[in-house]
A.B. asks: 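Below: one structure in C-alpha cells.
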There are 2 protein chains.
Amino acid sequence: MEKEVTIYDIAELLQLSAATVSRALNDHPAINIKTRQRVQSKANELGYRSNTFASNLRKKTTQTLGVIVPRLNSHFMSSVLAGMEVVANKAGYHMLISQSLESAANEKANARTMFNNRVDGLLVSLAYDTESYDHFAGFIKKKVPLLFFDRVTDFMECPGIVIDNYKAGYEATRHLLAQGCQQILHVTGNLRRNVYNDRMEGYKKAIQEAGLSERAVQVIVNDLSAEAGVVLARQIMAMEQKPDGVFVASDICAVNCMRALIDAGYRIPDDVAFVGFNNDHVSQIIDPKLTTVDYPGHQMGELAVSTMINHLTSNQPLGATSSIVLRSQLIVRASSKRLLGAD
Amino acid sequence: MEKEVTIYDIAELLQLSAATVSRALNDHPAINIKTRQRVQSKANELGYRSNTFASNLRKKTTQTLGVIVPRLNSHFMSSVLAGMEVVANKAGYHMLISQSLESAANEKANARTMFNNRVDGLLVSLAYDTESYDHFAGFIKKKVPLLFFDRVTDFMECPGIVIDNYKAGYEATRHLLAQGCQQILHVTGNLRRNVYNDRMEGYKKAIQEAGLSERAVQVIVNDLSAEAGVVLARQIMAMEQKPDGVFVASDICAVNCMRALIDAGYRIPDDVAFVGFNNDHVSQIIDPKLTTVDYPGHQMGELAVSTMINHLTSNQPLGATSSIVLRSQLIVRASSKRLLGAD
DNA sequence: CTGAAAGCGCTAACAG
DNA sequence: CTGTTAGCGCTTTCAG
C-alpha cells in the first residue's frame, strides 16, 4: 500500500484548511466556486480518494443496505437483486448481500453480521424454516429500518413488498377449473411462509366456490426444487385417483415434474393440465409451454430499495407504509389449454 | 438511533482501560482469561457491537471484497456468487457486489466505487465490450489484489480462474463430428472475451482436424440472449446450405433457438444436432434434452474467493499464480445423439 | 466564505 | 498482564 492522499495534503498544497477542502469536495454551497474548482482539480491530480471509514465514523452512517435472501442463485431472486442494485447504486448506496441457504440458523448469523456492520437498513426475504424473529429485534431496538420482501411476516410491524399471492393462487385455480379440471392437485412449499400459504388459500377458495367436494382439495408440500418435481411425478403416477390438473407454486418444480410425466407417456394438457408460478425462463422452454404467474422480481427489488432509501433520506417512518402489493399476472400457455380456443 | 455502547463504557464499568477491553474483545493472547470473560460478558449484557469503521480506520483494512460481474441474474453468475459468498462469509469477509450490465462504462464506474470503498481485493468478470483496462490501473498502483474469473484478460498480469474453453469447444465440436455432422455452425459472443474466442478456436481446430473444407467453418456472433436464439432460428431457416449441427456458446440461446426450430417443424437431432454450453437448468427441460458443457460456477466462485483471501492473509504475491483452470465436462444428451447407441 | 478545534471509536506502540 | 498516549481521516460546530 502506497501512502494515501488525505485532505490535509491537499490543504497544505493549496494553503487552505482541511475543513475548506472537505467542504469543497462535498460541494458545500457556502464555498467559493473558484476554491472548489482548485480543490477538486488538485484532488484529481493527486489521485485522492475519500476515506469512507473516517467519514462514516464521523457521520455515523454507512450508506450501506444489508440484504438477506434465501438463495442467490434462483432466477427470481437474482432478478430481485439486480433490481435492487440498480436503484441502490444510483442513490449512492452499497449492498451487503448474504444468503441464508433456507436455514434459520444462517439467517440469524447473517443478521448478526449485518447488525455489527451497522447497515443503514435491512432488507429480508425469509428462509424456509424461520419461525422466531428474535434475530431482528436488535434492528427494531436501534431503530434500523427493516423491510421484508416476497417472503414476509407481519410478526414485526415492518413493511413488506409482496404480490397478492392469494389472488394469484385463486386465479390460477379458476383457470384450471375453467378448462374443465375436476381434480386439481396443488403443490406448494412450507406453509409457514406467506407466499405458499396464501397461494394455497386462494386455491382452496376457488375449489370451494366451484362447488366441488372436500375431496377435490389435494395439497402436497415439498421444497419445490427440481428434484422434488421428479419425485412429484412419481407420486402422481402412483395415485389411484389421478389429478387432471396440477397447480405448482414454482415453475422449476413444475417443469421437472412435467418432463418426467411426458417421458412416462403422459399427455399434457390432455391427461393432466399444468400451471406453474414465477414465469421462470424454463416455462417457455418446456413443451408444451407452461402456463404460469408472472412475478415482477426486478421491479420488486427496485421498489424495496427505493422505499428503503426514501425512508432513510426523508426520514418518514417506515412503519407507516404497512405493505406494498405489486401486480402479478396469469400467463396462459399451452400446458393448460384444454378447450378449443380457450384463452 | 439510541446511544451506542463503546469500549469506553465497558472500561469504565469494569474499571479497566479501553485498551484492555479492546484486547479482551479481540481475544488477544496476552490478556488474563478472567478479565477477558468479564469483559465479554459485560459486552453482551450491554448489547455492545464493535464499530467496524473506527476499527477499519485504525487498521486500514476493510475485510471487504469487491465483485464486479456482467449480470447478477444469470444461472451461471448467481452460482458463482453463491459460491463466493459461502467462502467469504466463513472467512469473515464481506462482499460488495455490483453489475456492469455488460457495459464498459458501468464497469468503469463500479470499479471507481470499489476503489473509493477501499476493498481489500477486487474480483472481476469482464463486461461484454470492455476494451481498455485503465479503470483497474488504480488497484494495481495501490497494490490492491485484482483477480479475474471466467471472463479474464491477460492484459494486466493478474491471476484468472477459468475453464479450458478451447478444449471444451474442441470437444463439443468433435462430438458433433463423431455424430456424423458435416456442416457445423458455431454461435458465440463477442470475440474480445476469452471465453468466446477460445471456444471458437477449439471449434475451428476440430473442424480443421476433421479435414473438412474451409467452407465448413461457419461462425455467427450475437449476444447469446434468449431473443438472439429466436433470431438465430430464423437465420438458420433462411440459409441455403443449412447446418446439420449447431454448437452454441450458451444454453439459453441454444434452447430458444431449438424451440423455435421445433415449432417450425424441424427435427432435432435428425435434421440438426445441438450442443450448448453451461449446463443451465433449461438444458434438461427442453425436449430433446440438450447436450452441453458443464461449467462449475459454484466452485469457480469458491476458488476465486479462497485464492484471494489466501493471498490477503498470507501475503503471498498474487501475481505468482498466473491462472487456475477448472475442469469442465461435456454432457451428452439427446439433442446431439444421431447414431444408435452413441454416447 | 474560511479557519480552529474537537471528537467519532478503535488499536498499537511503548512503558510499566 | 495492563495502562498511557497518540492518531487513523474526516466532519462539524463555532467563531470570525
Side-chain angles (χ1 to χ4, degrees), chain A residues 1-40 42-43 46-64 92 94 115-120 142, chain B residues 1-40 42-43 46-64 92 94 115-120 142:
Chain A
M1 281 289 208
E2 290 189 12
K3 174 89 181 58
E4 290 282 347
V5 180
T6 72
I7 52 171
Y8 289 100
D9 300 327
I10 299 178
E12 192 172 346
L13 284 164
L14 257 33
Q15 297 291 1
L16 290 167
S17 75
T20 304
V21 173
S22 170
R23 289 195 268 250
L25 256 14
N26 291 300
D27 287 331
H28 188 109
I31 281 281
N32 185 311
I33 180 94
K34 281 193 111 172
T35 315
R36 184 188 313 175
Q37 282 165 357
R38 277 175 64 221
V39 170
Q40 291 183 349
K42 195 58 157 186
L46 298 178
Y48 166 81
R49 51 176 178 167
S50 159
N51 185 323
T52 325
F53 304 110
S55 170
N56 286 344
L57 176 58
R58 188 59 233 252
K59 291 194 301 191
K60 302 188 171 210
T61 157
T62 67
Q63 293 290 109
T64 299
H94 307 295
F115 191 64
N116 286 335
N117 274 277
R118 288 170 157 71
V119 292
D120 284 349
K142 295 273 190 217
Chain B
M1 280 292 209
E2 291 190 10
K3 173 91 180 58
E4 290 282 348
V5 180
T6 72
I7 53 171
Y8 288 102
D9 300 327
I10 300 177
E12 191 172 347
L13 284 164
L14 258 33
Q15 298 289 1
L16 289 167
S17 75
T20 304
V21 173
S22 171
R23 291 188 191 111
L25 256 16
N26 290 299
D27 289 330
H28 189 110
I31 282 282
N32 185 312
I33 180 98
K34 281 193 109 172
T35 314
R36 183 189 314 176
Q37 282 163 357
R38 277 174 63 221
V39 170
Q40 291 184 349
K42 195 56 153 187
L46 299 177
Y48 167 82
R49 52 175 178 167
S50 160
N51 185 321
T52 324
F53 306 109
S55 171
N56 285 344
L57 176 58
R58 186 62 231 249
K59 291 194 302 190
K60 302 189 172 209
T61 155
T62 66
Q63 293 291 108
T64 298
H94 307 294
F115 190 63
N116 287 335
N117 274 276
R118 289 170 156 72
V119 293
D120 284 349
K142 295 273 190 217

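In what follows, chains are A, B, ... by sequence order, proteins preceding strands, each numbered from 1.
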A.B. asks: Restricting to non-hydrogen atoms, name the atom on A11(A) and the atom on A18(A) that form the minimum distance, rounded to 0.1 Å.
C.D. replies: CB-N, 3.8 Å
A.B. asks: On DNA chain D, nearest-nucleotide positions of Y48(A) versus I31(B): which is more 5'?
C.D. replies: I31(B)
A.B. asks: Could you report the tightest heavy-atom contact between D9(B) and T6(B), atom names first, then the distance?
C.D. replies: OD2-N, 2.9 Å
A.B. asks: Where do N26(B) and S22(B) come nearest, in terms of heavy atoms and distance?
C.D. replies: ND2-O, 2.8 Å
A.B. asks: Under 4.0 Å between any heavy atoms, over every strand shown, what does N26(A) touch: base, sugar-phosphate, or nothing? Just pick one.
C.D. replies: sugar-phosphate
A.B. asks: If I take atom NE2 in residue H28(B) and atom C1' in nucleotide dC1(D), what distance separates them, rounded to the nearest angstrom?
C.D. replies: 9 Å
A.B. asks: Are D27(A) and Q40(A) close enough that some pair of their side-chain heavy atoms sits under 4.5 Å apart?
C.D. replies: yes
A.B. asks: Output yes when E4(B) and R118(A) qualify as a salt bridge under the 4.0 Å nitrogen-oxygen rule, no when they do not.
C.D. replies: yes
A.B. asks: Quick one: closest heavy-atom pair of Y48(A) and V5(A), and the distance?
C.D. replies: CD1-O, 3.3 Å
A.B. asks: Assign S22(B) to base, sugar-phosphate, or nothing according to its heavy-atom contacts below 4.0 angstrom with the strands shown.
C.D. replies: base
A.B. asks: Have N56(A) and T62(A) got a donor and an acceptor in their side chains that come within less than 3.5 Å?
C.D. replies: no
A.B. asks: Roughly how many Å is it from CD in Q15(B) to C1' in dG3(D), rounded to a whole number?
C.D. replies: 13 Å
A.B. asks: Write down the distance between CD (Q63(A)) and P (dC10(D)), rounded to a whole number of angstrom.
C.D. replies: 16 Å
A.B. asks: Less than 4.0 angstrom between a side-chain N/O of T35(B) and OP1 or OP2 of dT2(D), yes or no?
C.D. replies: yes
A.B. asks: Tabulate protein N/O versus nucleotide N/O from nucleotides 13-16 of chain C, keeping only pairs under 3.5 Å, one per line.
C.D. replies:
unit_1	atom_1	unit_2	atom_2	d
dA13(C)	N6	R23(B)	NH2	2.9

A.B. asks: Measure CG/D27(A) against C1'/dC1(C) and give the value in whole Å, please.
C.D. replies: 16 Å
A.B. asks: Starting from C1' on dC10(C), measure out to CZ on F53(B) and report it in whole angstrom.
C.D. replies: 13 Å
A.B. asks: For dC10(C), does OP1 or OP2 lie under 4.0 Å from any side-chain N or O of S55(B)?
C.D. replies: no
A.B. asks: Please tabulate, one pair per line, each protein N/O and nucleotide N/O from nucleotides 6-8 of chain C that are separated by under 3.5 Å, including the distance.
C.D. replies:
unit_1	atom_1	unit_2	atom_2	d
dG7(C)	N2	R58(A)	NH1	3.2

A.B. asks: Using only side-chain N and O atoms of S17(A), determine if any of them is under 4.0 Å from OP1 or OP2 of dG3(C).
C.D. replies: yes
A.B. asks: Among L16(A), N51(A), L25(A), V39(A), whose side-chain contact (heavy atoms from CB on, under 4.5 Å) with I7(A) holds?
C.D. replies: L25(A)
A.B. asks: Looking only at atom types and distance, does a side-chain atom of R23(B) sit under 3.5 Å from a main-chain N or O of I31(B), one as donor and one as acceptor?
C.D. replies: no
A.B. asks: Specify the separation, in whole Å, of atom CD1 of I33(B) and atom C1' of dC1(D).
C.D. replies: 13 Å
A.B. asks: Tell me the interatomic distance from E12(A), atom CD, to dG9(D), atom P, rounded to whole angstroms.
C.D. replies: 14 Å
A.B. asks: CG of N56(B) versus C1' of dG7(D): gap in Å, rounded?
C.D. replies: 16 Å
